[in-house]
Structures are given as C-alpha cells and as structure tokens.
Amino acid sequence: MSSLLSDANQRLEKALRYVTIDEDVATRLHYPKASLMVSIPVRMDNGSLRVFQGYRVRYDDSRGPTKGGVRFHPSVSMDEVQSLAFWMTFKCAVLNLPFGGAKGGITLNPKELSKFELERLTRGYVDAIADFIGPDIDIPAPDVYTNQMVMGWMMDQYSIIQRKITPAVVTGKPISMGGSLGRETATAMGAFFVMQRALPQLGQSPQDTTVAVQGFGNAGAIIAELLYHAGYKVVAVSDSKGGIYAPQGLDIPSVRHIKEANRQLKAVYCAASVCNDVEHDVITNEQLLELDVDVLVPAALENQITAENADRIKAKYIFEVANGPITSSADTMLEERGIEVFPDILVNAGGVTVSYFEWVQNRSGFYWPLEEVNNRLEKSMTVETENIWAIARDLKVSLRTAAYVHALNRLDAAIKAKGTRDYYMN
Ligand code: GLU
C-alpha cells in the first residue's frame, strides 16, 4: 500500500481497537471504491500542447454520494488523492452528512498558467471525469488552489455536457451561479466554532492565548482574522514562502490587506505599512511550527509535523485546519508529550458542512440567508465537538482516535444495513 494512504490507514487501525464493528466494515474501509486517472490535453497560450495528469477518487459511498474537493498542486498524485478521499469519508461521517468521501486533483503549479489556460484545463478535467461525477454520484468542491471561479467553470462545463443546468454537481460555486452564502468562510468559521467551544473549557481565555497560523490561503487567513477579532493574540502567520512573527501580536486585517494586494506575505516583510506599524521578525515555516505558543493552527498542506520535528513542537494545543498536517508517528510523539491535537476530520469539516447546505439549497431551489447558514454550522460543529470529547473521555483515547471511532460507528451502521456475514450466516 502506498505511503500516505497507509499512514491514513494506521489511524483506522488504531480506532478499530476501540469499536465493536463488523469485520466486513473494517475490510471494506481499507480500499478506495473507485480511482480514476485521466490525461488532460490543453492548448497553451503560445500554441503548444501540454498534457496534465488528473485524478478523482470515490473512496466510500455507503452513507451517500461521495463528496470532496479538487486540488491544483504540483504534489498531487494518486496516493495523495486516495488518502484525502479516505479522510473525506471519515469527515463526512463525523459531521453526520449524508455523503461518502471523495477527492480529486490535477498535478500542476497553477501559478505558472494563465487564466485562459486554467479555464481550458478545468473544463478539460470535467470532460474527462464527467461520467464519474454527478449530483447523486460524486460532488466536487474547492480545495488547495481552487476557488469559486474554478467551481463555476466546472459546473458550467458539466451543464453543457448534460444539456441542463446542474448546480448541485459542484459546491463552492460563485453565489450568482447557485453558491451558498457563507461557503467561502466556512472552513475557517467551522474551525473557529470548535476553538470557541474547546479553548475556554481548557482554561484559555482569548486575551491570554497566543496563536500561530501556518498557511495564509482561504482557511488560514480567515481563521487568523476571526481569532484576531475575537481577541486572541495571533503572533505568527506564514505562507508558502515564509512567515512573520511578532510576540505582541500581529494586526491581521492589515497583513491580509497587504497579502491580497501583493499576492504574497513576503511583501509584508518590509512594505511600508505593517512593517512600520508592527515590529516583527521574518521566520521560516519550520520555525513557525516550533514557536512557543499556546495554540498552533496548521492550515497549509499535509505532513508538516513529522517524527523529525514533533519533539520540537512547543504549542499546548494544535487545531488541524489543513488535511493531514501531522503524520501518524508524530501523533504518538505529541500524545506522549501531552500536546492535545484537535483532528482535521472535525476541525476543518466546516467547509464540507456548508457544501452540504449548498447542495441542499441547489436541490430544493430555496436559498438561505447567511445567518441561517452560520447558525446551522455552529450547531453542527459544537455538537460534534462535544460528542468527540465525550468519546475521548469515556474511552481514554486521543481526540483523533475518538473522532475515528465516532465516524466508524456511523459508517458501520450504513454498511451493516446492507447485510454482513453475521446476517447471512446466522
Ligand atoms: N476541500 C474541502 C475539504 O477538504 C471541502 C470539501 C467539500 O466541500 O466537499 O474538506
């Protein structure tokens, strides 16, 4: 079995020790249901032809049509997409969404393509996977380096192929094309609700809590700003090029403003405003992870905290806004050192939860106000945080194992409902 997926499966193995689920269910969950790999030829602006590799994996659909984002990134591979689809399966079960798990991606550096090329590539990807997706089969959404615009192209292309407007095939669309209010901020908002529920309980009040956020994309930048406005001291942020650190706290709205204007945090380093307003040090991504802060929020890519650096992590609490930022061996090391990890399949599930709301709105044709979206999101995130907390306490396991146990019980019910060895042989 490949490396990322086998690492993901280790979490499953660990959780299986604490549940009494049918053996058939465990066996099923070790394998992705369907994995598609496609080649997408794209006419480039200079007239040349380039062929890109694309993937879509439906991991498990026992609980409903599969759901998960599409990422555009140089490190996309079948192994990565399968692992991310595995995580989506558990994430949707944790939040009790009527979905299975899926993921997709194209191997490329999106920063090297023009907007025209990106559009042709996105439409080519949909042409290639059109028979594999659908509102009742598998529903893509945004992920790393894909956004509303890309989702709009995807839904448009699918609708052209089907010869009917099909908004429910993709979520995270522009509002004007059937997107939901609150979807863009949902991942960060969901994480914020988990933190608001957990941190006071752990004796951390906002003004006494320092936070470092790794990653300044859709999730990282918004969570940093939500925490800043709630009174937390956000002392460090970073993007793929590096980070900034100010022990007295950063003015996140200004940092966001400069990053948006210049497309990189590096511009903050010595661009007039923030540099003059707030003293700060320039740090690397590795240094950010090892800062002496109360809360660490990895919000970039997977495999950031590994056996190599886990013993240098000083944060008391880690909230995984990225998918898979901690490897399973690092998990054990952090647990031994008493660092509490709030797992990705709970913390970043706000995105897919509001995707579910978007899908429901598309199918009913009735659109909700922002307040309703956020209230429902808050309720779901809070209830599941409490459920996972209770399981962790009862079984005396980590929050990650508790989250897997919670998801496994729900997956078990769905898989068992169609019959198992016990049913047929007794
Ligand atoms: N890409 C997001 C995730 O990893 C959202 C998936 C979705 O909305 O379907 O959870």
Side-chain angles (χ1 to χ4, degrees), residues 4 8 55-61 63-73 76 80-106 129 133-148 150-152 154-155 167-174 178-191 194 215 217-220 222-223 298-302 319-325 343-362 373 376-377 380-381 384 403 407:
L4 264 173
Y55 307 87
R56 187 74 191 167
V57 172
R58 300 195 307 247
Y59 199 93
D60 178 81
D61 62 359
R63 291 176 40 85
T66 54
K67 187 83 192 82
V70 176
R71 81 172 41 178
F72 288 177
H73 195 271
V76 166
E80 185 187 63
V81 175
Q82 285 180 336
S83 326
L84 290 161
F86 167 94
W87 282 318
M88 285 308 303
T89 306
F90 287 83
K91 195 187 295 186
C92 291
V94 162
L95 265 293
N96 211 9
L97 310 177
F99 288 141
K103 203 77 176 195
I106 305 178
I129 66 164
I133 59 172
D136 295 306
I137 305 168
D138 172 32
I139 306 117
D143 197 76
V144 175
Y145 290 139
T146 53
N147 56 16
Q148 282 195 345
V150 173
M151 295 307 117
M154 288 186 69
M155 124 61 166
V169 69
V170 170
T171 58
K173 299 177 293 292
S180 175
L181 293 171
R183 176 61 185 86
E184 272 228 290
T185 50
T187 306
M189 205 61 144
V194 174
N218 173 271
I222 300 175
I223 187 80
L301 291 170
E302 57 268 15
F319 288 81
E320 293 183 318
V321 169
N323 287 308
D344 48 4
I345 56 172
L346 167 70
V347 176
N348 73 24
V352 70
T353 302
V354 177
S355 274
Y356 167 54
F357 299 160
E358 181 171 328
W359 181 78
V360 169
Q361 292 171 75
N362 292 152
V373 172
R376 282 181 188 269
L377 176 63
S380 296
M381 298 304 298
E384 300 307 348

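In each ligand, atom 1 is the first atom listed, and ligand 1 is the first ligand listed.
- A distance-only check finds no donor-acceptor pair linking the side chain of Glu320 to the backbone of Asn348 [under 3.5 Å].
- The option from Asp138, Leu97, Asp143 that lies nearest to atom 1 (N) of ligand 1, judged by heavy atoms, is Asp143.
- At a heavy-atom distance under 4.0 Å, only side-chain atoms of Arg183, from C-beta outward, approach ligand 1.
- Atom numbering of ligand 1 starts at 1 in the shown order; those under 4.0 Å from a heavy atom of Val352 are 7 (C), 8 (O), 9 (O).
- Asn147 and Asn218 share no donor-acceptor pair across their side chains, judged by distance under 3.5 Å alone.
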- Applying salt bridge (charged side-chain N to carboxylate O under 4.0 Å, His left out), run through Lys67 and Asp138 and close with a yes or a no. CA-CA 6 Å; Lys67 187 83 192 82; Asp138 172 32; over 6 Å; no
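- Residue contacts with ligand 1, taken as heavy atom pairs separated by less than 4.0 Å, do not involve Val354 at all.
- Taking the side chain as every heavy atom from C-beta outward, Val144 and Leu301 approach each other to under 4.5 Å.
- Heavy-atom distances between Pro142 and ligand 1 reach below 4.0 Å in at least one pair.
- Close approach of ligand 1 to Gly68 (heavy-atom distance below 4.0 Å) involves ligand atoms 9 (O).
- For ligand 1, the atoms lying closer than 4.0 Å to a non-hydrogen atom of Lys103 are 1 (N), 3 (C), 4 (O).
- Atom CD of Glu358 and atom OG1 of Thr353 lie 13.0 Å apart (nearest 0.5 Å).
- Checked against a 6.0 Å centroid threshold, the rings of Trp87 and Tyr59 do not count as neighbours.
- For atom 7 (C) of ligand 1, the closest non-hydrogen atom of the protein is Ala141 CB, 3.3 Å.
- Side chain of Thr171 to main chain of Gly179: no donor-acceptor pair is present (N/O by atom type, distance under 3.5 Å, no hydrogens or angles).
- Looking at atom 8 (O) of ligand 1, its nearest protein heavy atom turns out to be Ser355 OG, 2.5 Å.
- Protein heavy atom at the shortest distance from atom 9 (O) of ligand 1 is Lys67 NZ, 2.9 Å.
- Using a 4.0 Å cut-off between heavy atoms, Glu358 makes no contact with ligand 1 at all.
- Using a 4.5 Å heavy-atom threshold, the side chains of Met88 and Ile345 count as separate.
- Using a 4.0 Å heavy-atom cutoff, Lys91 is listed among the residues neighbouring ligand 1.
- Atoms of ligand 1 found under 4.0 Å from any heavy atom of Met88, numbered from 1 in the order shown, are 3 (C), 4 (O), 6 (C), 10 (O).
- Considering all non-hydrogen atoms of both residues, Ala219 and Thr187 come closest at CB-CG2, 4.1 Å.
- Near Gly351, the atoms of ligand 1 lying under 4.0 angstrom from a non-hydrogen atom of the residue are 8 (O).
- Residue-to-ligand polar distances keep Asn348 apart from ligand 1: every N/O pair is separated by 3.5 Å or more.
- Arg71 and Thr146 share no side-chain donor-acceptor pair at under 3.5 Å.
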